[in-house]
Every structure is written in structure tokens, then in C-alpha cells.
Protein chains: 2
Amino acid sequence: MTDKRAVFFVSDSTAITAETLGHSLMTQFAGQSFDYRTLRFIDSEEKACEARDRINAAHREQGLRPIIFSTLVVSAIHEIVASSEGLFIDFMDSFLSPLEEELGSRRVASVGHTHGVVTQEHYRHRMDAVNFALQNDDGGSIRQYERADLILVGVSRSGKTPTSVFLAIHYGVFVANYPLVDEELEESRLPADLKPWRDKLFGLTIQPERLQQIRQERSPESRYAALHQCQYEVRQVEALFRHNRIEYLDVTSKSIEEIATYILKATSLDHRRL
Amino acid sequence: MTDKRAVFFVSDSTAITAETLGHSLMTQFAGQSFDYRTLRFIDSEEKACEARDRINAAHREQGLRPIIFSTLVVSAIHEIVASSEGLFIDFMDSFLSPLEEELGSRRVASVGHTHGVVTQEHYRHRMDAVNFALQNDDGGSIRQYERADLILVGVSRSGKTPTSVFLAIHYGVFVANYPLVDEELEESRLPADLKPWRDKLFGLTIQPERLQQIRQERSPESRYAALHQCQYEVRQVEALFRHNRIEYLDVTSKSIEEIATYILKATSLDHRRL
């Protein structure tokens, strides 16, 4: 017996949609903690019965009614899972009826349909974007800045790489990144390689204390991780951003998602999506 | 005037949740095409009024009622956007009431709450996972396989890197990857570096024709991209997987999301999440 209520995400496909909205909803109930479980690729009646049995077992074990977030679309599968003892919350059906009415057409309702053939090209583009981000990471030898949609600049460990990769994988944006180092910071000048691309630049900054923490984990006791070095670099990089009129964001208390989508909104990239 | 109906994703935060479920719902209406627009960080009444005006303007321009997918939680903001001329579909409110009843507690209902302080550690872990994936990409000089949760193996261009990065950024899984090359394929033997970690290995395979396409884009007319070379490598790598009892997946017609979540399900990783 545990006192944590089970929360199930159930889907005939990846369950990412169910997980995303389900987690958003559960964070609205901050005081409690839950035991999250994902049942993916529930695409047959047999698997639906297994899912129902697992949900009912969790009910028995915990003595608390499980919560089920579902994106199941095929009725036969949906009905089996909905007949379990949990609170069944349906993310698809609730909205498909009003949408059908508004659009004047019927839903498709096939298993795993959320990734249609039409999106193959979309996925291909995103894989290219991920490869681009990795090849153009950290101001390395490959610098295909003419192909970049965006070039992130900032001091070392300010979150450029995770942000680049997130924008690539989620939004198919081609992002290069370039770490500004001592010589550039000292003179408040843009590296020559970046000058032609000022319209593509976006800066990241971070509080020196947080930067120190991150660098300490990587290189304890190094000059690189000393607080006064972090303070110096952050002061200089912000001066460089202002001097070159580069828009920038303080990432200190932000998640990767927040940083990435803030940049989409601040640049024109939100409007030219695939 | 355009004949594409506008679809708005509106959120007081990143809008990723609204985009994810909204896109899933719209793919159920495959015959029609839509003009997608995201209004992120709508966290004040002033911004809500701007959002409402943009929605109403889209209605006038297109002569079609826009569809609005919302994850707004603060009533004052929510009500302004809901008063627009579009079909307002509410992803939060619809579900919070039954959840409140089931959990016997009230929602929090503050702006941007879906990323609480409690998740800072979670994000830190995911950033570490992304850095790990990049450092341990492509069987490079850094091979921290003892720290890896999973090591993806497969021929060059079979999707190892995007899958690694996706698992890192979404699920905080530490994934290394290793490309199997000619000598290893020839003798159907595991590289010595991988032998101690067979329990962490997962294989990716792909149809030779698709592999050829992908390699052609990268290195046209090379030996590497010749169909017979791709056929040879795929045949050998699958033999190697079987011979060493490594579970594997054919990624040919799958999205990054599907590959990544299939692997979570097939391994024990789904059960040890943060």
C-alpha cells in the first residue's frame, strides 16, 4: 500500500499528448504527489483489457481511485479502458464533437492517426534541424550561418545548446550557437564571423551566481567557475548585447520550454513555421 | 481573403500544451488545411484584449470563425479571450472541476504555474541529459557508458542522434549512441567498448531504400550512399543484433516521437522516470 494515487496516461500512440496536458492539469494540484504511469501504444482490444486490468489493480493496491488521462480515439478500445474503476478523463472525445459541428465534417478516428503521411516531410525537416544544431554547436569548425534561422550567443554554460536542440526538435528551427569568450567580451566586439548575421543573433544571459553553480558542477574550483569570473563575463556580455543592439533574455529561472518559446515570440520565427 | 480557417493556440505560458493537444485534434480532420497561430505568454488582461482583437480580425479577414485552443487558467484573462468570436475550446477548465471533486482539493490557478519551483531540479536533469547525449554522440572520444541509461546502436544515419536528443530533452534519459561500421558489421561482433554494457543496448534499423535516400542527401553519389552498400549494412546489422540478442526497431516509417517512446516502452526506462 502506498499513499500516492496512481495517474495513468493512456494512448494508442506515443502518449505524449496525454502526458503533456495531463501533467499541466496535475501541477494545478500542487500539494499532492502522484504515481505517474504511461500506457503507450494501446492499439488493440487485447491491450485495452490489459490496461484496464492494470488500472483496476492500482485501485486495489492503493485504495485510491486512479486518474486516467486518455487520447484513445477508436471506440472499442476507448470503451474498454473507460470501463475501468478510475476517473476517466477523455482528451479527444470531449472536443471532437464541437469541432465536427464547427467544421462540418466527421473525424477520422483511426489508431495512431496523429502522425499522418502528410507529416513525414515535417519530421524529416526536424531531423535535419537537429543535425544542423549539433553540427553548428558551440561555434565549432562548421559554421553554416547562412542556413541558420537563428544564432544564439552567450557565455559558456548559459543554456545555448539545450535551447538550440529544443527549437530544432519541436519547431524545426535551424539554430546555430556561438559562445562568446574572453577576448570578445573584453573588447565588447562581435566576432567577425557573426557580423554579417546580426539580424539572426539572439543573446542569452544568466545571473552570475547561477552560472557559477552550473560551472562548479562541471569544473569544480576552476578559474572558469569562480564567482568573480562569472560576474565579469555576465557584465561584459550584457554590455556587448546592448552595444550591438542584440535582443537578449535572462534564462536564470526559466525552463528550456520557456526560453525556446520566448525566443520564438520575440523573433519572427513564430510566423514562418512549417 | 484566404480559404484557410485560423486556428489559435492561446496560453499564459509556453503554449506547448495547447499546441500539442490542438494539433492532435486537428489531425483528425485530415481533409482540411488550417492557418495555425500561437499566442504565447498571454499573462495580463491587456494582452488578453490584444489576443481577442487578433482572433476577431482573423474572423473578419477570412469570413470563417477561428478555432481557439486555450490553456488559460486565470478567470479574468480566460473570460476576455473566451468572449472573442471564435469557437473557444478550453483544455483546462473542462477537466479541473472533475479533478477537484475527485481529489477533494482546489486548483491553484495562477499564471504560468505549470512550471513550478519543484520542477527546477527536473529541468536541470534534462539539461544534463542533453549535454550527455551530445558528448556521447556517434561513438566519439567521450564514452561515459557507465553513466548511460541506454546506448543506441545502428548503422550511420539510422536516426540514433535525434532519438537520443529527444529522449534526453523530453524524458531526461541519458542516452549514448554508437555507429556500427564496416569491420564490426563484417564479423557480426560487438565493439569491445560496448560488450560490458549489453543490457543497455538497443538497436535501430531501417529499410535500405530509405537509408539510401537519406545518405544521398548528405553525400550524393558516394559509395556510402550506394544502394548495395545500404543493403549490405542493414543485412549485417540486423544479423549482428540477432546474434547478440539485442532488441531492435525498424524506424523507417516512424516519427522521432514514436521511435523514442517505443524504446521507453520496450526497455524498463518508462518505470524509472523522474
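Just so it is clear, the values below take in all heavy atoms, side chains as well, and ignore hydrogens, waters and symmetry mates. Letters A, B, ... mirror the listed sequences (proteins, then strands); counts begin at 1.
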At a 4.5 Å cut-off on heavy atoms, which part of [X] comes close to chain A: side chain, backbone, both, or neither?
| X | result |
| --- | --- |
| B:Asp137 | side chain |
| B:Ser94 | side chain |
| B:Phe69 | side chain |
| B:Phe88 | neither |
| B:Leu99 | both |
| B:Glu100 | both |
| B:Leu134 | side chain |
| B:Leu96 | both |

Would you say the side-chain atoms of [X] and [Y] include a donor-acceptor pair closer than 3.5 Å?
| X | Y | answer |
| --- | --- | --- |
| B:Gln213 | B:Arg210 | yes |
| B:Glu19 | B:Thr38 | yes |
| B:Thr71 | B:Thr17 | no |
| B:Asp90 | B:His78 | yes |

Distance-minimising heavy-atom pair for A:Thr27 and A:Ser24: OG1-O, 2.7 Å
Sub-6.0 Å ring centroid separation between B:Phe34 and B:His23: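 For B:Phe34 and B:His23, the ring centres are not under 6.0 Å apart.
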Any A:Asn136 side-chain heavy atom under 4.5 Å of A:Asn177 side chain: no
Option that, when pairs with chain B are counted at under 4.5 Å, heavy atom only, ranks first among A:Glu102, A:Arg65, A:Arg106: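 Heavy-atom pairs under 4.5 Å are most numerous for A:Glu102.
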Side chain / backbone / both / neither for A:Leu103 at chain B, heavy atoms under 4.5 Å: both
Toward chain B, the part of A:Leu21 with a non-hydrogen atom under 4.5 Å: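 For A:Leu21, backbone and side chain are both near chain B.
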Contact leader toward chain A among B:Pro98, B:Ala260, B:Ser105, where contacts are heavy-atom pairs under 4.5 Å: B:Ser105
Chain A contacts, top residue of B:Val130, B:Ile169, B:Leu39 (heavy-atom pairs, under 4.5 Å): B:Ile169
Parallel, tilted or perpendicular, as decided by the 30° and 60° cut-offs, for the rings of B:Phe91 and A:Phe95: perpendicular
side-chain contact (heavy atoms from CB on, under 4.5 Å) between A:Ser13 and A:Arg40, worked out: CA-CA 6 Å; A:Ser13 179; A:Arg40 307 180 202 278; over 6 Å; no
